[in-house]
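Working notes for the structure below.
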Amino acid sequence: MDSPAGTTDALPTIEIYNTLTKKKSAMVTVKPGHVGIYLCGPTVYKPSHIGHMVGPVIFDTVKRYLEYSGWQVTWVVNITDVDDKIIAESTARGTTMAKLATEMTADYLANLAALGVESIDHMPKATDFIGPIITCIEGLIAKSAAYASDGDVYFDVTQDADYGKLTNRTVESMQGEGGLTVERKRSAADFALWKKAKSGEPFWESPWGPGRPGWHIECSAMSRAILGEHFDIHGGGLDLIFPHHENEIAQSESLHNCPMATYWMHNGLMQAAGASGKVGGRARDAAIGSEASSQDAAQQAASQAATKISKSTGAEPFKNLLERHRPEAIRMLLLSTHYRSPIHFGEEALSESARAMEAFERLFARCQRVTGLSFYTLPLQNRRQGNATVAAAGVETQALREKFLAAMDDDFNTAVGIATLFDFVRVVNKHIDQQGLEKSPSDVARTLLDAMLLVLRELTGILGLFVKEPEATRSSADQATVGKLMELVIEIRARARAGKDFATADLVRAKLTEAGITLEDRPDGTHWTQK
RNA sequence: GGCGCCGUAGCCAAGUGGCUAAGGCAGCGGAUUGCAAAUCCGCCAUCGUGAGUUCGACUCUCACCGGCGCCUCCA
């Protein structure tokens, strides 16, 4: 696309797959140079699990990339803190909805921080927007798009000509549905904008009596309040497309007579790998309607097949997962699959991701021995425009950078981006090998290495990987002691080697390996790492 | 039943109507090493099955088999 109204010549073209149109198209923003993103966040009634982290990590990366590419980005993630499930859970725990929501929101935020998701600009809570929500509902009633019914308010899908456009559904096709409130609705597909409070439930006063907002309306109200009536990108998990996003569109567009969001981006869902570690295998349950067979199916699923994680036994609290796996490895796993694909998640996948990640960390350690500088302290280049550093980094490196950027321009293909980073690691290692940088560094080769590392830092930074030095797992006092001991062991072993006593040297190394410590005899001395 | 998605090497996972089908893990061979480890070099797939469209398909169409999601709450 050549210079459409919403872009400037300086900005690159970024293709985005749009659920609404079912194809990719170049991003054209509502306001030139600015991107507004709304991501549906969690309902805070339980500790968050890995599935809740997918969207935030993806959009954190999207935001990093768009800013790097020159846009100004406003990213909103809402917190649903009023909902039937929160009420039920808080009642069961003997606490209040507000307290439970506060506690679970803190859990969510801590998990996001661990994964390096720190760029959310607004996290509105539904309960802070009751006024605007009521205003939206009044507006819809005034337009005859909604009606009050015995203390509830429903959206009237028959009044919305293009209802169902996101998921290719028609109102007629949905007439079979309903639920407990069916007698209060005009048509079964109508959905609640306002729910009358039952006794003992938390409530807010409204023109229709005491009650609370329905699920979908908060997103319409809060996105309008923060991003405006028409914003650029609305995201969420694939499972939210219907009914949630379909209904958001219905509400917002009936109210505003303009598109709610230009692009609808949906991420694939986490799949829990079965006990065998393999995905797939479960025969479709033929009698899904029956309670008994559903339970059977659930048991089978737990034992052998892949299932959506929120319905599987794999939905353990994310913070438990963090006790077993490093957040960097988790982030890398999430980004090593294209965001629209399902991610097969399990212990095996995580360990593999961790192993792959260590190739980067070994490179960082190796480079630090050469340059004396920690990768984590290198400046983050966050401007896409080429610069002297890129030019100085060599043609091979430049080509990889171009490949990385082209992949990200094409619907944020982080999987290809990560693949190019592995190539990058190889190029840098080869440079160190070939130039003998660990033995006799020449100034020219050293300068080239420095430039390469700055570019690598630039690209990993876009993905939010290796931004900060991993936290030490033990106290610094312990570390100092172990370090001293290892110095001693290595010194003694070096004497054995000098005296050709390889039996002793190998024994030391083998015993250390058993203890989880790896020794490497490198050109510049013996180094050790601990698993 | 309705609306969608997927099926690529031992495992994970990109991608394309015709140039060598990315990358990772595992494996194999070589360089390097006292031996290792690490690193580098090389090897390792014809793309679920069948039919069709096309000069040409893994990439498009149809059927079938298998897997998944949504249609009620779900990131």
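Labels below follow one simple rule: chain letters A, B, ... track the order of the sequence lines, proteins then strands, and each chain is numbered from 1.
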B/G29 - base-pair partner by Watson-Crick or wobble geometry, distances under 3.5 Å: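 B/G29 is paired with B/C41.
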In the structure shown, which nucleotide is the Watson-Crick or G-U wobble counterpart of B/G7, with both distances under 3.5 Å?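 Checking every strand shown, B/G7 finds its partner in B/C65, with both distances under 3.5 Å.
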Do we count A/Phe502 as stacking onto B/G34 if the rule is ring centres under 5.5 Å and planes under 30°?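 According to the criterion (under 5.5 Å, under 30°), yes, A/Phe502 stacks.
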Could you tell me whether [X] contacts a base, only the sugar-phosphate backbone, or nothing, with contacts defined as non-hydrogen atoms closer than 4.0 Å?
X: A/Asp84; result: nothing
X: A/Thr43; result: sugar-phosphate
X: A/Leu238; result: nothing
X: A/Gly164; result: nothing
X: A/Arg366; result: sugar-phosphate
X: A/Leu519; result: base
X: A/Lys22; result: nothing
X: A/Arg426; result: sugar-phosphate

Aromatic rings A/His244 and A/His216: how do their planes relate, parallel, tilted or perpendicular, breaks at 30° and 60°?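 Rings of A/His244 and A/His216: tilted, as their planes differ by 30° to 60°.
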Once you round it to whole Å, what is the distance between [atom2] of [N] and [atom1] of [X]?
X: A/Asn168; N: B/G69; atom1: CG; atom2: C1'; value: 16 Å
X: A/Met332; N: B/A13; atom1: CE; atom2: P; value: 15 Å
X: A/Ile432; N: B/C40; atom1: CD1; atom2: P; value: 10 Å

Identified side-chain contact (heavy atoms from CB on, under 4.5 Å) counterpart of A/Trp75 within the set A/Ile233, A/Leu227, A/Ile37, A/Val62: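 Only one option passes, and that is A/Ile37.
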I'd like to know if the side chain of A/Thr80 and the backbone of A/Thr43 have a donor-acceptor N/O pair within less than 3.5 Å.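 Not confirmed, A/Thr80 side chain does not pair with A/Thr43 backbone.
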With respect to the side chain of A/Arg493, which nucleotide from B/A14, B/A37, B/G34 is positioned closest?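 Taking heavy atoms from C-beta onward, the closest nucleotide is B/G34.
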